[in-house]
Amino acid sequence: MEAPAPAAWQPQEEGFKEICGLLEHQISPTSTTDKFQIWQQLQHFSQFPDFNNYLAFILSRAEGKSVEIRQAAGLLLKNNLRNAYKTMMPAYQQYIKSELLPCLGAADRHIRSTVGTIISVVVQLGGILGWPELLQALITCLDSNDLNHMEGAMDALSKICEDIPQVLDSDVPGLPDRPIKIILPRLYQFFQSPHTSLKKLALGSVNQYIMLMPAALYASMNQYLQGLFALANDQAAEVRKLVCSAFVQLIEVRPSFLEPHLRDVVEYILQVNKDGDDEVALEACEFWSAYCDAQLPPENLREFLPRLIPVLLSNMAYADDDESLAEAEEDESLPDRDQDLKPRFHTSRFHGSDSVEDDDDDIVNAWNLRKCSAAALDILSNVFGDEILPTFMPVVEAKLAASGDESWKDREAAVLALGAVAEGCIDGLYPHLSQMVEFLIPLLDDKFPLIRSISCWTVSRFSKYIVQESGHQKGYEHFDKVLMGLLRRILDTNKRVQEAACSAFATLEEEAAEDLAPRLEIILQHLMCAFGKYQRRNLRIVYDAIGTLADAVGAELNKPAYLEILMPPLIAKWQQLSNSDKDIFPLLECFTSIAQALGTGFSQFAEPVFQRCIAIIQSQQLAKADPVTAGFLYDKEFIVCSLDLLSGIVESLGGGIESLVSQSNLRDLLLQCCMDDVSDVRQSAFALLGDLARLFAAHLRPRLPEFLDVAAKQLNTPKLKETISVANNACWAIGELAVKVHQEISPIAMTVMSCLVPILQHSEELNNKSLVENSAITLGRLAWVCPEILSPHMEHFMQSWCIALSMIHDDIEKEDAFRGLCAMVRKNPSGALSSLVFMCKAIASWHEIRNEELHNEVCQVLHGYKQMLRNGAWDQYMSALEPPVKEKLLKYQV
């Protein structure tokens with residue numbers, strides 16, 4: 001006998017009233033009830049299986065209650081479903097769905113919108129198949145001619161298209177076509193609706209599919225484009241913005257569709273780039289960068305440049321409501337608020353050849369028409385080069401010549417424009433460099449702070465060329481004037497100018513490097529003066545400028561007169577900050593650069609810095625295990641910065657800190673960091689392990705098996721691509737340990753070999769030069785110290801290993817790897833026979849083997865094969881080599 005079907009669910013009056021009362025308190029601004037208490041009670045109600053049914057009932061049927069209460073019920077329902085939908089009783093899922101559909105046409109727009117949001121969440125969790133009635137209900141509403149029903153259905157659809165577009169482009173059993181094919185014609189019809197809301201929702205929904213490009217959109221592209229052209233000059237700014245957005249996306253992913261209409265599209269975008277609505281103009285402006293990024297033929301834009309460039313320049317002036325205008329008034333005496341301090345991210349130490357590019361040209365906040373126009377001008381100047389100058393220069397010169405306070409924004413925009421084209425148009429501007437520098441230097445002292453700050457940036461964009469010219473008298477005078485001008489601005493009273501000047505100065509430091517040495521004293525005086533007066537946010541940029549200076553001048557910094565200016569303020573700040581104060585991060589980074597620049601000169605500061613790093617790591621590991629006892633929350637950045645500074649100290653002072661290492665508990669702390677669950681911590685920990693291995697392998701010996709075991713694990717992970725930098729540093733550290741501890745590495749030699757070989761064999765997919773190089777070197781170092789373990793397996797990896805070795809530049813690490821190659825071949829000459837051609841190419845990749853002993857070993861290996869391969873076999877191998885390779889092998893007398 002079948003169980004009786006459950007009776008339809010009905011709410012209890014008492015529960016209904018109680019929940020409505022709680023929701024009323026929750027949304028009331030004047031309610032005295034503690035919000036946390038209400039939240040706790042609502043959480044308590046969530047334990048009841050039918051609580052979400054009550055919320056659905058209140059949203060859809062509580063006509064006597066305010067719209068705000070019904071909406072609050074809907075939003076709570078949406079959040080609850082995210083967590084609970086999949087575990088709910090099917091009957092309750094069905095009840096909620098059946099309550100939502102009739103509300104698609106609710107009289108109140110807020111209710112319709114809330115229902116649309118919940119429907120999208122349910123589809124995300126249960127799919128279209130889990131709700132067969134939904135599509136029919138949406139189509140019925142779209143076809144109803146009732147505005148509320150059409151808007152409600154469109155609202156829900158637009159949210160599905162935005163959140164989970166792919167569900168409408170999949171096969172649904174029982175339907176002749178995919179849902180998107182059924183829906184698209186109706187969306188196109190709405191393009192012609194008299195109601196802006198429907199046009200906007202329909203156009204926004206179709207735009208979501210440009211990237212996915214389902215067959216239905218591909219097949220109806222002409223209809224879509226005709227719809228876009230018809231809406232191009234719509235009264236509503238929101239619709240015009242969506243038309244621009246469609247053209248930008250199409251030019252990025254499917255430019256062929258726009259090709260027949262390209263002239264008209266470019267003409268249109270140029271026109272709306274001047275739209276009275278800034279958001280429309282901004283969306284249009286994105287088109288130019290998108291066009292150039294897609295590497296489409298430049299000639300299609302060429303004829304428009306004389307009209308386009310003045311539009312971009314005019315849009316580069318500050319808008320009256322730009323937030324930067326208010327910020328620019330901030331005096332240095334005003335303390336920074338916490339929200340002014342952007343989160344900062346330290347890049348963990350990395351051992352290898354792929355450095356991460358840090359391109360932080362833009363030091364200001366939100367993206368807007370001004371910045372987008374400058375970016376478009378930058379990319380156009382890179383595509384068209386000096387061709388744009390005949391149009392560009394007269395407009396810029398006219399703006400710069402405008403005098404009077406009221407035209408300062410035009411002058412500022414002209415200086416920004418010069419900086420934007422500095423890279424692309426340098427050939428045409430280079431002959432006029434000295435006039436431009438003469439012109440920019442006085443602007444560094446302009447009375448308007450935003451002109452002073454943009455002049456700093458523009459000067460920095462030309463700094464590479466200013467430094468190049470400093471070899472002769474006139475050029476050096478300009479370089480010196482720029483240097484002194486930026487130093488003056490570093491001491492500006494305006495925060496925005498301080499920030500721009502410090503960043504510009506850091507760029508100049510990178511370009512000028514040791515050319516700064518004669519001016520070191522005055523540079524340090526200015527930087528340390530800024531250090532004494534800056535607020536917290538800009539202080540971070542001073543640290544960066546000091547660190548960059550240390551990287552640039554290196555050992556030149558190691559003079560008592562300079563250290564007396566530089567170190568006392570930094571040490572005072574170091575002592576003033578607690579171990580859990582985030583302001584210590586940039587200081588740790590700054591000390592890392594100083595330690596590397598000073599080398600052994602850092603020894604007088606080493607002990608307190610070393611011990612502080614150890615203390616910070618210890619306190620963070622405590623905070624991770626027990627934040628209550630520690631008194632603060634764990635933050636990985638403290639550990640990462642401290643490990644990197646310790647690496648810097650080890651690198652610069654070498655054996656000079658042996659007593660510090662041996663008297664500390666660094667070994668045990670480091671092992672803990674090597675096992676940390678955060679990849680950034682492991683990355684820096686293995687970098688330090690490799691640095692310590694070079695100098696203090698004996699100190700690591702008591703826990704050597706554990707270090708080797710955890711390092712090997714980093715190479716054998718299914719998610720290698722996600723933690724490739726950790727694997728890279730761990731791999732390098734194993735190699736450094738191998739050459740120091742020799743036979744003690746043998747227990748893990750096979751394990752490591754079995755991890756490195758797949759890396760070498762799949763180097764194309766991994767696409768990480770450093771990891772492949774380090775794997776080849778570490779494999780060679782293992783082969784050098786335990787050839788008897790690796791040589792029986794060499795035929796399996798010889799080819800891919802030799803290919804990797806031939807890509808590495810001559811250095812001491814490559815020498816180690818080739819010692820391993822020779823050692824293995826001596827043990828098992830036949831193991832390399834099938835890869836002999838690749839081995840010859842690897843040997844030929846040396847410019848010169850400077851180590852005489854290794855040179856002789858390589859000669860012996862080649863001669864051994866020549867004797868082994870009789871009866872013309874050797875010549876046959878040789879004939880397979882390219883002439884340059886054969887020529888290189890002559891050095892080895894074969």
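For the numbers below, each heavy atom of this structure counts, side chains included, while hydrogens, waters and symmetry mates do not. In this chain, residues are counted from 1 in sequence order.
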- prompt: Who pairs with Phe605 by ring pair (Phe, Tyr, Trp, His ring centres under 6.0 Å), at least two apart in sequence or on another chain?
  reply: Phe602

task: Give the C-alpha distance, both sets of side-chain angles, the deciding distance and a yes or no for ring pair (Phe, Tyr, Trp, His ring centres under 6.0 Å) between Phe585 and Tyr543.
output: CA-CA 10 Å; Phe585 295 152; Tyr543 285 129; over 10 Å; no

- request: Decide salt bridge (Lys or Arg N to Asp or Glu O under 4.0 Å) for Arg850 and Glu815; before the verdict, give the C-alpha distance in whole Å, the side-chain angles of both, and the deciding distance to 0.1 Å.
  value: CA-CA 9 Å; Arg850 293 192 172 169; Glu815 284 182 11; over 6 Å; no

message: For the CD atom on Glu658, are there more than 12 heavy atoms of other groups (residues, nucleotides or ligands in this structure) within a distance under 6.0 Å?
response: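 Counting other residues, nucleotides and ligands, CD of Glu658 stays at 12 neighbours or fewer.
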
- prompt: Is the number of heavy atoms from other residues, nucleotides or ligands under 6.0 Å of Arg488 CZ greater than 12?
  reply: yes

Residue pair Pro608 / Trp574: nearest heavy atoms and the distance that separates them: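 Minimum heavy-atom contact is O-CZ2, 4.3 Å.
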
query: Which pair of non-hydrogen atoms, one from Ala500 and one from Ser453, has the smallest distance, and what is that distance?
result: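 Smallest interatomic distance, heavy atoms only, reads CB-O, 3.5 Å.
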
- request: Could you walk me through whether Lys713 and Asp709 pass the salt bridge (Lys or Arg N to Asp or Glu O under 4.0 Å) test, one step at a time?
  value: CA-CA 6 Å; Lys713 282 195 174 113; Asp709 182 54; 3.0 Å; yes

- prompt: Out of Lys624, Gln683, Gln621, Arg682, which residue meets the side-chain hydrogen bond (donor to acceptor under 3.5 Å, both in side chains) rule with Asp676?
  reply: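 The residue from Lys624, Gln683, Gln621, Arg682 that satisfies side-chain hydrogen bond (donor to acceptor under 3.5 Å, both in side chains) with Asp676 turns out to be Lys624.
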
Flag for [Y]-[X]: side-chain donor and acceptor within less than 3.5 Å:
X: Arg612; Y: Asn579; answer: yes
X: Asp644; Y: Thr592; answer: no
X: Asp492; Y: Gln498; answer: no

Leu688: which of Ile649, Leu666, Leu645 passes side-chain contact (heavy atoms from CB on, under 4.5 Å):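 Testing Leu688 for a side-chain contact (heavy atoms from CB on, under 4.5 Å) against Ile649, Leu666, Leu645 leaves exactly one candidate, Leu666.
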
- prompt: When you check the gap from the basic side-chain N to the acidic O, do Glu773 and Lys769 get nearer than 4.0 Å?
  reply: yes

message: Do Leu643 and Leu670 have side chains that approach each other closer than 4.5 Å (heavy atoms only, starting at C-beta)?
response: yes

